[in-house]
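Reckoned from all heavy atoms, side chains included, excluding hydrogens, waters and symmetry mates.
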Amino acid sequence: MARAVAFVLAMSALLASSPVGAEHEVYYRYVVLGFVKDATGRPVAGRAIEVVRDKTGFSYLAQTDARGLYVAVTRLGDESAGETLTVKVGTLVRKVTATFDAANHAEDRGTRLDLEGATFVERPAWFHSTLTRFLGERGSQ
């Protein structure tokens, strides 16, 4: 009985000392977002998106809205710079590399990956403006 109590107390102390709040910080996530459009350029709503962290095999799921926009938030920390992620939309697959400055804890990290018909187009330079617009729209709802 004493061992069980000691174990519970040790685990409680360990959990209490862990940085739970870190998961909500910029430096603990990587966002993959983009638009899915059919071959004619029309948005595809309700399409399932899966982003897989290749190192762990863990999947992050998203779904497109009426505009074809999806936002998948993955759990990557500073040490994950350079890791590959596999983005799956139906039978279509594309690998992306998590590219970011691990020392920068102020800016959101991520990339924009659009699917136009059957072609993926990565637009990392458009990531911040798309995320800012998305977050602004969500804040006004």
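- Taking each heavy atom of Tyr30 and Thr74 in turn, the nearest pair found is O-OG1, 2.7 Å.
- At least one side-chain heavy atom of His128 sits under 4.5 Å from a side-chain heavy atom of Glu107.
- For Glu50, the side chain to side chain donor-acceptor pair (under 3.5 Å) partners are Ser59, not counting sequence neighbours.
- Taking OG1 of Thr119 as the reference point, atom CG of Leu92 lies at 8.5 Å (rounded to 0.5 Å).
- Under a hydrophobic clustering in which Ile, Leu, Val, Met, Phe, Trp and Tyr are joined whenever their side-chain heavy atoms come within less than 4.5 Å, directly or via other members, Leu113 and Val89 fall into the same cluster.
- No chain of hydrophobic side-chain contacts below 4.5 Å, direct or via other Ile, Leu, Val, Met, Phe, Trp or Tyr residues, connects Val87 to Val121.
- Annotation for Arg47: atom CZ does not count as buried by contact number, only 12 or fewer foreign heavy atoms lying within 6.0 Å.
- Of the charged side-chain nitrogens involved, none lies within less than 4.0 Å of a carboxylate oxygen, so that Glu122 and Lys95 do not count as a salt-bridged pair.
- Partners of Ala48 by side chain to side chain contact (heavy atoms under 4.5 Å, CB included), not counting sequence neighbours: none found.
- Residues that satisfy the side chain to side chain contact (heavy atoms under 4.5 Å, CB included) test with Pro43, not counting sequence neighbours, are absent from this structure.
- Side chains of Arg75 and Tyr28: a donor on one and an acceptor on the other come within 3.5 Å.
- Side chain of Thr64 to backbone of Leu69: no donor-acceptor contact under 3.5 angstrom is found.
- With values rounded to the nearest 0.5 angstrom, Thr97 atom OG1 is found 8.0 Å from Leu85 atom CG.
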List the steps, then state whether side-chain contact (heavy atoms from CB on, under 4.5 Å) holds for Tyr70 with Val32.
CA-CA 8 Å; Tyr70 71 93; Val32 179; 3.8 Å; yes
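- In this structure, the side chain of Thr56 engages the main chain of Phe58 through a donor-acceptor pair within 3.5 Å.
- Residues passing the side chain to side chain donor-acceptor pair (under 3.5 Å) test with Glu83, sequence neighbours excluded: Arg53, Ser80.
- For residues 126-135, there are no salt bridge (Lys or Arg N to Asp or Glu O under 4.0 Å) pairs, not counting sequence neighbours.
- Taking the side chain as every heavy atom from C-beta outward, Leu33 and Leu131 approach each other to under 4.5 Å.
- Between Ala72 and Val51, the shortest heavy-atom contact is CB-CG2, 3.7 Å.
- Considering every non-hydrogen atom in both Ala66 and Ala45, the closest pair reads CA-CB, 3.8 Å.
- Contact check for Ile49 versus Val36: side-chain heavy atoms found under the 4.5 Å cut-off.
- When all heavy atoms of Ser129 and Trp126 are compared, the pair lying nearest together is OG-O, 3.2 Å.
- In this structure a side-chain-to-backbone donor-acceptor pair under 3.5 Å is present from Asp114 to Phe35.
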How far apart are the C-alpha atoms of Glu137 and Arg67, what are their side-chain angles, what is the distance that settles it, and do they pass the side-chain contact (heavy atoms from CB on, under 4.5 Å) test?
CA-CA 13 Å; Glu137 291 167 356; Arg67 297 171 298 167; 3.0 Å; yes
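- Ion pairing of Arg109 with Asp101 is absent here, as no side-chain N (NZ or NE/NH1/NH2) approaches a carboxylate O to less than 4.0 Å.
- With values rounded to the nearest 0.5 angstrom, Phe127 atom CZ is found 5.5 Å from Asp108 atom CG.
- Scanning for ring pair (Phe, Tyr, Trp, His ring centres under 6.0 Å) contacts around Phe120 gives an empty result, with sequence neighbours left out.
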Where do Arg123 and Glu116 land on the salt bridge (Lys or Arg N to Asp or Glu O under 4.0 Å) test, with the steps shown first?
CA-CA 12 Å; Arg123 298 179 167 109; Glu116 299 172 352; 3.0 Å; yes
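- Within the 4.5 Å cutoff, the side chain of Thr86 has heavy atoms near those of the Val93 side chain.
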